[in-house]
Amino acid sequence: MKISGFLLLICSLNIISVHAQNQQEINTDFIQLYKENAELSYISPRGEIGSPYKYVINGRLTTTYMLLATEKLPIAFAVVPDFTVRVLEQRSAAVRTPSFRLGGTLFVRLDRSVPDYKYATLTYTHHSNGQDGEALNPDGSINTTNGNFTTNALTLSYHFGTDLNKNTNAGYYSLNHEIGFEWHKWFNYEKALTHDYGFSRFLYNFSWRSYQPEKEQWRLNLEVNYAVNPMTEYELFALKKRLNAELSYHYSFPFMNNAYLMVAAGYYGEDPYNIYYRNKYSYIRLGISSGILRGKK
């Protein structure tokens, strides 16, 4: 009887140990997934072609500092800096009111399977342009020279995705989705934005990715968001003001590492580049982009 009890104890400890090991592997895989699903950085000569301004070059630099990322926990936390600059085509090649975004993201794993993953995020973001002049000129137009822009937001998102044809040797695909809601009004913001800015936005992001045996080869990304808060001059269905959308394709040649060639086309109903938020235009962007690519495992 004592021998049976001892064997039962050994089996139980083995099961607990295997379960803990599996949990640690799952948590580690999800940490990698969080980084792969982060926004891409890019460099774009001539910037957004179609903009009311002419640019020499535009650039976005963002990354993910995983401050809490341990295999022992199903949650993680990252600090996310996100800086965008547009260099105007002028004699001094001025960088007017660059966009500074700095925030943090809490990740919560909701599933055990990376090939069919589910997780949630809560992100706080501070967005400003480093200027302290009046946001509006005396005539009511936007002061894009040194006008103050500042706002803060929370974004709650649900992420899910699935791998397709992963058992083949010729490569496989993945479909990745994010559904979220962003709101600003709980925090400090430039008062000139009142009734004139998309403080509450529904968002949907989609990414279709192709993986070859050695590396990720390409991504097709779709980003859509729509403002739903009241605005003085725009009804709820005023797509020209409230809709932002972009479709982009990123291709990584075999000799590249962690980089793509990029082509993007989109529409800004509200230009996300800080104090330029009143601009509305369609655009094309060409250049190179970079992120965390999935390599050979």
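Heavy atoms only: backbone and side chains are in, while hydrogens, waters and symmetry mates are out.
Counted by atom type alone, N176 and S174 present one or more donor-acceptor pairs between their side chains at under 3.5 Å. Counted by atom type alone, N58 and S44 present zero donor-acceptor pairs between their side chains at under 3.5 Å.
Using a 4.5 Å heavy-atom cutoff, the side chains of Y117 and D29 are not in contact. Put simply, the side chain of E39 does not reach to within 4.5 Å of the side chain of V80, judged on heavy atoms.
Between Y197 and Y277, the angle of the ring planes goes over 60°, which puts this pair in the perpendicular group of the 30/60° scheme.
With a 6.0 Å cutoff to the six-membered ring centre and a 45° limit on the axis angle, R219 does not count as a cation-pi contact of Y260. The cationic group of K191 lies under 6.0 Å from the six-membered ring centre of Y189 and within 45° of the ring axis, placing it in a cation-pi geometry.
Salt bridge R285/E246: present, at least one basic N to carboxylate O contact under 4.0 Å.
Annotation: L236, atom CG; neighbour count of heavy atoms from other residues, nucleotides and ligands within 6.0 Å is above 12. Within a 6.0 Å sphere centred on CH2 of W208, other residues, nucleotides and ligands contribute 12 heavy atoms or fewer. The 12-atom threshold is not exceeded at OH of Y173, counting heavy atoms of other residues, nucleotides or ligands nearer than 6.0 Å. Other residues, nucleotides and ligands place no more than 12 heavy atoms under 6.0 Å from the NZ atom of K54.
The list of ring-ring contact (aromatic ring centres under 6.0 Å, His included) pairs with a residue in residues 22-47, not counting sequence neighbours, reads Y34-F107, Y34-Y119.
Smallest separation of non-hydrogen atoms from L293 and N258: N-OD1, 3.3 Å. Smallest separation of non-hydrogen atoms from T121 and H159: OG1-NE2, 2.9 Å. Residues Q131 and N146 approach most closely at CB-O, 3.3 Å, considering heavy atoms. Here the shortest heavy-atom pairing between L261 and F253 reads CD1-CE1, 3.4 Å. Of all non-hydrogen atoms in N244 and G269, the two that sit nearest each other are OD1-N, 2.9 Å.
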_E178 vs Y204, test: side chain to side chain donor-acceptor pair (under 3.5 Å). Steps then yes/no._
CA-CA 6 Å; E178 177 189 0; Y204 172 69; over 6 Å; no
*For the pair Y124 and N152, evaluate side chain to side chain donor-acceptor pair (under 3.5 Å) and give the outcome as yes or no after the intermediate values.*
CA-CA 7 Å; Y124 168 78; N152 300 272; 2.8 Å; yes
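Checking each of E270, H184, R242 against R201 for a side chain to side chain contact (heavy atoms under 4.5 Å, CB included) leaves exactly one that passes, namely E270.
No donor-acceptor pair closer than 3.5 Å links the side chain of T105 to the backbone N or O of T123.
For F237, there are no ring pair (Phe, Tyr, Trp, His ring centres under 6.0 Å) partners at least two apart in sequence or on another chain.
When ring centroids are compared, F202 and Y226 stay outside the 6.0 Å threshold. For an aromatic pair to be called close, the ring centres must be under 6.0 Å apart, and F149 with H127 satisfies this.
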